[in-house]
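Below is one structure, written out as structure tokens; comments come after it.
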Amino acid sequence: MSQKVVSVDNLVKRYKELIALDHFSMDVNEGERLGLLGPNGSGKSTTINCILSILEYDSGDIKVFGKEMTPKSYDLKRLIGIVPQEVAVYDEFTVYENIDFFCGLYVKDKNERRNLVDEAVRFVGLQDFIKFKPAKLSGGLLRRLNIACGIAHKPKLIFFDEPTVAVDPQSRNNILEGIMKLRDGGATIVYTSHYMEEIEQICDRVIIMDKGQAVAAGTVDELKGMIKKSELIRIEVPGLDEDTLTKINELKNIYTVSYEDSILKVEAGTGKHNVIDIINILQDSGMRLKKIFSEQPTLNDVFLELTGKELRDDV
Amino acid sequence: MMMFKYSLKKTLSNRMFIFWSFVFPVTLMFFFHLAFSTIYAEENTIDPRDVGIIYEADNQFTSFFGSVTDQIEVLNEIDEDEDTLYELLGENEIDGIYIVKEDSIEVALCPKYSETDAMIIKTVADFYIREFDLIEQALTSGDMEAVQNMINSLNADTDYMSQETGIYKEQTNPYNWYYYATIVMGIMFQAMAGVNLVAELQADVGERKVAMRSSVSPASKSVLVLTAFLSRLLVSLVISSFSIFCMNRFFEIPVGNRLPQLLLFILASNMFSLSMGEMFGLFFKGPVQTRGNKGVALIMTSVFLSGEMIATLPGMFERYLPIVNDVNPATVLNLALYRLVYYEDLTSFYVEIVKIVLLTILFLTIATMRLRRQKYASL
């Protein structure tokens, strides 16, 4: 059984009348990529700041690497890296100096630090920009610098707090690939985002948060399995008859079937062969299929079904 | 050492800080120099008083008087006959007439005489009457050095009388106050480095959240606070010293000859400004920029009240509302510098320094306690 790297139990954090974290609990296992998914204001960043012991909380227990986390837990802090939501670098320093400075907060030895900084620069692909000041970097490059500053000292536990906000798709992919590589290198990762696609892409396990509570937790497949809706299948098939529709409706895992303007629309539950089963029935009935679409449920569907609202405002 | 180096670089890279604490004050002093240096020279050029001399007797007393007045710098003898002299006097063309009798001198002044004119002209006559025996003795024995010494002493007295009286008890060029106020303004603007320091270390203040990275790192907060303070202090000390050097060297404003006390002033005033800036950063509300702007507004008010724009303002407060000078940091700093330069007795200088140091200790204690905290109620 893998070791618990982070253990949060019944965490409560209030801002006057507002309850930011409402008896929130979670565990992070060694080598895991855990995603905290939730809309803005759901308590993701608050959770991270409490774990890092820079934010006061009202009650609850937090353990990191099996030890209680306090502001003076310097031995634990050495093992932790943070990539904050905002780009937290000094405008006065170059790319190299920024990484060197923040790495220097953890590593005193100059030679060791130089190697680590060089490695971090290569890792985020900023070799051509080491003498640039942050003001000269694009949004994507700035985000990469932000990451390099947080990981240069090779932490065992890394918190990524929405690291891809306002980043172009190409840079986003680079960042996500980098995070996967970090996990492959043995780091445990806690990744917060309100972008469900990112969470689905990189996280082994997900905790869905809303109003400071854990609404659901599990692997992406487990979460999708928690909701009724599973798959939406649309097939363009002219001249479909009632008998065939009935046969499809009688299939296992099928919730609703409708046919309009030559489009067969089927909502199906969990099951790996829904599309194949339907296609078999249509072909047996001699139907000529034109286009087939299958939409898998998303984490937004999970969130919608569990909370009654969309995960993101712009969805 | 690494942290100190980077902290130093951060401070030196802060263009706004360098501008307000060095470039702006030195530029302002340059314009003061253009505006005031000739005014003061013209105002304070000793304009010789035109006098006539009427001799009513012919003896050693009367004959030596002419030899003495020839060497008095503030007197310009008009050589005319008695009637003409009285005519000129009545028309205010000359300032006075010495009527030299057998053993006394009477003075006649023009209708529009000034108190200063009267004092200078009468002082010369009184001096001659009082010192005649010594003058006579020296002149008859040929001891010209003794005569010259007496004349020099008289010249010094009359020269003093012909100048304005300074704002604060001692006689000086009143325009110098503008320069000292500008130096103090530059020092006060070092407070911006204090605001910046708070943003760098206080995780719930800065917009860039760099303080958050420091807070979650294993680096000791006390070391971070000390390093940030010392690096800024070093830069501030260099800037202030160089500003004072420029003021003295290029604009010829005196800074006195008490180097240890001057260094003490520079150290104490800069520590005070930095700690005051930390107070701005910690206790003003809003984003860092807003906190800094509020600090600038406060500094400008303080500097204005200290006489940066109207040099006589502190003098007015001293007369009617002395508490303003006592509580206004810029005036306290100004007075410390001013008294260091002009006062023989440094007691009042040390009083101002003690005020500054006590306030600095208070500010630093509060700031250090606040900045060392590692947990925040909100971020």
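Note that these values count all heavy atoms, side chains included, but never hydrogens, waters or copies made by symmetry. Just so it is clear: chains get the letters A, B, ... in the order the sequence lines come, proteins before strands, and each one is counted from 1.
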Compare every heavy atom of A:Glu92 with every heavy atom of B:Lys9, then report the nearest pair and how far apart it is. CE-O, 4.3 Å
Counting only N and O atoms by type, is there a donor-acceptor contact under 3.5 Å from the side chain of A:Lys77 to the main-chain atoms of B:Ala219? no
Gap separating the OG atom of B:Ser215 from the CG atom of A:Leu105, nearest 0.5 angstrom: 10.0 Å
Separation of B:Ser220 OG from A:Lys72 NZ (nearest 0.5 Å): 7.5 Å
Which heavy atom in B:Val216 sits nearest to a heavy atom in A:Tyr106, and how many Å separate them? O-OH, 3.9 Å
What part of B:Leu224 lies closer than 4.5 angstrom to a heavy atom of chain A: side chain, backbone, both or neither? side chain
Kindly compute the distance separating CE (B:Met212) from CG (A:Asn49), expressed to the nearest 0.5 Å. 4.0 Å
Against chain B, label A:Gln85 side chain, backbone, both or neither, depending on which of its atoms sit under 4.5 Å from a heavy atom there. neither
Are there more than 12 heavy atoms of other residues, nucleotides or ligands under 6.0 Å from atom CZ of B:Phe31? no
How many angstroms lie between CE in B:Met3 and NZ in A:Lys108, if you round to the nearest 0.5 Å? 4.0 Å
Using only atom types and a distance under 3.5 Å, with no angle test, would you say the side chain of B:Arg213 pairs donor to acceptor with the backbone of A:Ala88? yes
How many angstroms lie between CZ in A:Phe102 and OG in B:Ser214, if you round to the nearest 0.5 Å? 6.0 Å
For B:Lys221, does the NZ atom have more than 12 heavy-atom neighbours from other residues, nucleotides or ligands under 6.0 Å away? yes
Any idea how A:Phe101 and B:Tyr6 line up, ring-wise: parallel (<30°), tilted (30 to 60°), or perpendicular (>60°)? perpendicular
Proximity breakdown for A:Asp58 and chain B, heavy-atom pairs closer than 4.5 Å: neither
Counting only heavy atoms not in A:Glu56, do more than 12 fall under 6.0 Å of its CD? yes
Other residues, nucleotides, ligands: >12 heavy atoms within 6.0 Å of B:Lys294 NZ: yes
If you draw a 6.0 Å radius around CZ in B:Phe19, do more than 12 non-hydrogen atoms from other residues or ligands fall strictly inside? yes
Gap between atom OG of B:Ser13 and atom NZ of A:Lys133 - 0.5 Å precision: 5.5 Å
Which atoms of A:Lys13 are under 4.5 Å from chain B, going by heavy atoms: the side chain, the backbone, both sets, or neither? side chain
For each of A:Gly104, A:Gly81, A:Pro71, tally heavy-atom pairs with chain B at distances under 4.5 Å, and name the one with the top tally. A:Pro71
